[in-house]
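Let me begin by presenting the structure, written as structure tokens, before commenting on it.
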Protein chains: 2
Amino acid sequence: MSRSAELTPTVENYLKHLFHQQQQSPDGWLPTGRLAACVGVTPGTATTMVKTLAEAGLVDYEPRGGVRLTSAGERHALGVIRRHRLIELFLVRELDLDWSEVHDEAERLEHALSDKVLERIDRLLGYPQFDPHGDPIPRAGGHVPTTEYQSLAECALHRAFVVARVTAQDAVFLQMIQRLHLVPGTRVVVEARDTAAQTVTVRPRSRPALNLGLPAAAKILVTAPG
Amino acid sequence: MSRSAELTPTVENYLKHLFHQQQQSPDGWLPTGRLAACVGVTPGTATTMVKTLAEAGLVDYEPRGGVRLTSAGERHALGVIRRHRLIELFLVRELDLDWSEVHDEAERLEHALSDKVLERIDRLLGYPQFDPHGDPIPRAGGHVPTTEYQSLAECALHRAFVVARVTAQDAVFLQMIQRLHLVPGTRVVVEARDTAAQTVTVRPRSRPALNLGLPAAAKILVTAPG
DNA sequence: GTAAAAATTTTGAGTATTCAAAATTGTATG
DNA sequence: CATACAATTTTGAATACTCAAAATTTTTAC
Ligand SMILES: [Mn+2]
Ligand SMILES: [Mn+2]
Ligand SMILES: [Mn+2]
Ligand SMILES: [Mn+2]
């Protein structure tokens, strides 16, 4: 996880998005069009960049087939994600920013921190495993702690769970989660699920029950309490 | 000191160097060649950039005459310097980095912090007036606290002073200052000054006297104690 | 007061990144 | 299978930044 190569912020962002998207598609190959969409550039731009990344040995590229991170690319991607998530936690814990607003800050800072500063932040925070959204923080060596989750869209009814992770970065959505008292750490019970109406009725510990749409519920991941 | 305009890091660096250099030359006009030298680009590059800055209303430019910051340019420059110095102090005080190494970190981070994060850091540090090197931190409004200094190259002999500021960013020089116990805050007496040999004999409070060359002594600024 | 030296600007070109629009390829449909 | 459609790639051009080297202007020195 050294930062010897010195990739540009642009390249780091491509790698990071590539990594996140690969987690989805199970064969690992990502169409360039999808990469373009999530990086926010036109398809042609992504194709060009992918060829550059392939030259640098960061991705494998099959024209008209898709892209996939090489192990070098994955290593760099994990480094960026590690910086991003440590920064987010730092901003929330030490500078008292709201968890809904740290993502965009981290998006810029993740390209500007040295390994040394990151190590100090890691130490200051006590070598944390999860960021404010419950996302796992990759270790310096590249290892990512994995946890088994279920989402509120699929977990058992009438059983106690704890919100462990909210897979969203949109500030408005996160603020809603906060308003609804569904932030990570909260104990919840799903009281009902209406597949036809696509709604879930959730009751946060010692709070009135509330209704969520299925897509929103799917973004709230829970684990068994304890 | 809003960051509405969103200047590029490159432009911010030019403005900052311009500001620092202008402090020297009293007429305020800086030759493009000098700007080039301290930004670290070729003369032609500086000329090109200066024309761009002039278009943006950040500098006045007289071909073959020199450059000078406009008030808009100065406002931006002070913003960058403020960020730089607050970051340096933050890195030393909160993350425990050595004062000799924070300059280069700050050089990158100064372009990545939002106003909001900066405000939090400012608050956390208790709205400090000086950075770890004794350099004044411009206020958000643009005001820069000024102090009268003398340097060890010119101050009175056999009189007690306090080191207030070390005008250098070079890590090796700063480490030497530290080894010699001449960091800001130290009480010192100049015991002798030999203009022919260009040396100054300084005695830090309760330490043996030591010899400095005149150029080094000139970088160590002192004030009356109290 | 001209010739050499120094500083500055201009020119031509390269890298990194991007877009719009045209060309290509692969796929699905009838 | 031929055609239509979608995805992808290519092409041509733009912006931001940079350098090397040529051209120009100013300064200095004799
Ligand atoms: Mn994030
Ligand atoms: Mn980013
Ligand atoms: Mn500094
Ligand atoms: Mn800088």
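In what follows, every chain begins at residue 1, and chains take the letters A, B, ... in the order their sequences are listed. Since the model is a prediction, treat every value here as computed from it, not as a measurement.
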Phosphate OP1/OP2 of C:dT10 contacted by B:Thr48 side-chain N/O (<4.0 Å):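 For C:dT10, OP1/OP2 do not have a side-chain N/O of B:Thr48 under 4.0 Å.
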Below 4.0 Å: OP1/OP2 of D:dT9 and any side-chain N or O of A:Tyr61: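 It does, given that an N or O in the side chain of A:Tyr61 lies less than 4.0 Å from OP1 or OP2 of D:dT9.
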Side chains of A:Leu78 and A:Arg139 in contact at under 4.5 Å (non-hydrogen atoms):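 Result no, sub-4.5 Å side-chain heavy-atom pair not found.
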Flag side-chain contact, heavy atom, 4.5 Å: A:Pro132 against A:Arg93: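 No. Closest side-chain heavy atoms not under 4.5 Å.
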Sugar-phosphate only, base, or nothing, as touched by B:Thr47 at under 4.0 Å among non-hydrogen atoms: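 B:Thr47: base contact, heavy atoms under 4.0 Å.
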Sugar-phosphate, base or nothing in reach of A:Gly33, heavy atoms under 4.0 Å: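 Since only primed, P, OP1 and OP2 atoms lie under 4.0 Å of A:Gly33, the category is sugar-phosphate.
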With sequence neighbours excluded, residues passing side chain to side chain contact (heavy atoms under 4.5 Å, CB included) with B:Ala218: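 Once residues adjacent in sequence are excluded, the partners of B:Ala218 under the side chain to side chain contact (heavy atoms under 4.5 Å, CB included) criterion are B:Ser151, B:Ala153.
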Partner residues of B:Lys51 under the side chain to side chain donor-acceptor pair (under 3.5 Å) criterion, sequence neighbours left out: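 B:Lys51: no side chain to side chain donor-acceptor pair (under 3.5 Å) contacts found.
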Qualifying residues under side chain to side chain donor-acceptor pair (under 3.5 Å), relative to B:Arg193, sequence neighbours excluded: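 Counting only residues at least two positions away or on another chain, B:Arg193 forms no side chain to side chain donor-acceptor pair (under 3.5 Å).
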Trace of the salt bridge (Lys or Arg N to Asp or Glu O under 4.0 Å) decision for A:Glu74 with A:Arg68: CA-CA 9 Å; A:Glu74 184 170 311; A:Arg68 193 174 51 172; over 6 Å; no
Nucleotide of D:dT8, C:dT18, C:dT10 approaching B:Lys51 most closely (side-chain heavy atoms):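 Given the options D:dT8, C:dT18, C:dT10, the side chain of B:Lys51 is closest to C:dT10.
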Just the table, please: protein N/O against nucleotides 12-17 of chain D N/O, every pair under 3.5 Å.
unit_1 : atom_1 : unit_2 : atom_2 : d
D:dC17 : OP1    : B:Thr8 : OG1    : 2.6

When the side chains of residues 31-44 of chain B are checked against the rest of the protein, which donor-acceptor pairs come out under 3.5 Å, sequence neighbours left out?
unit_1  : atom_1 : unit_2  : atom_2 : d
B:Thr42 : OG1    : B:Thr45 : OG1    : 2.9

Angle of first-five versus last-five pair axes in the helix from C:dG1-D:dC30 to C:dG30-D:dC1, to 10 degrees: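 Helix axis angle between the two ends: 10°.
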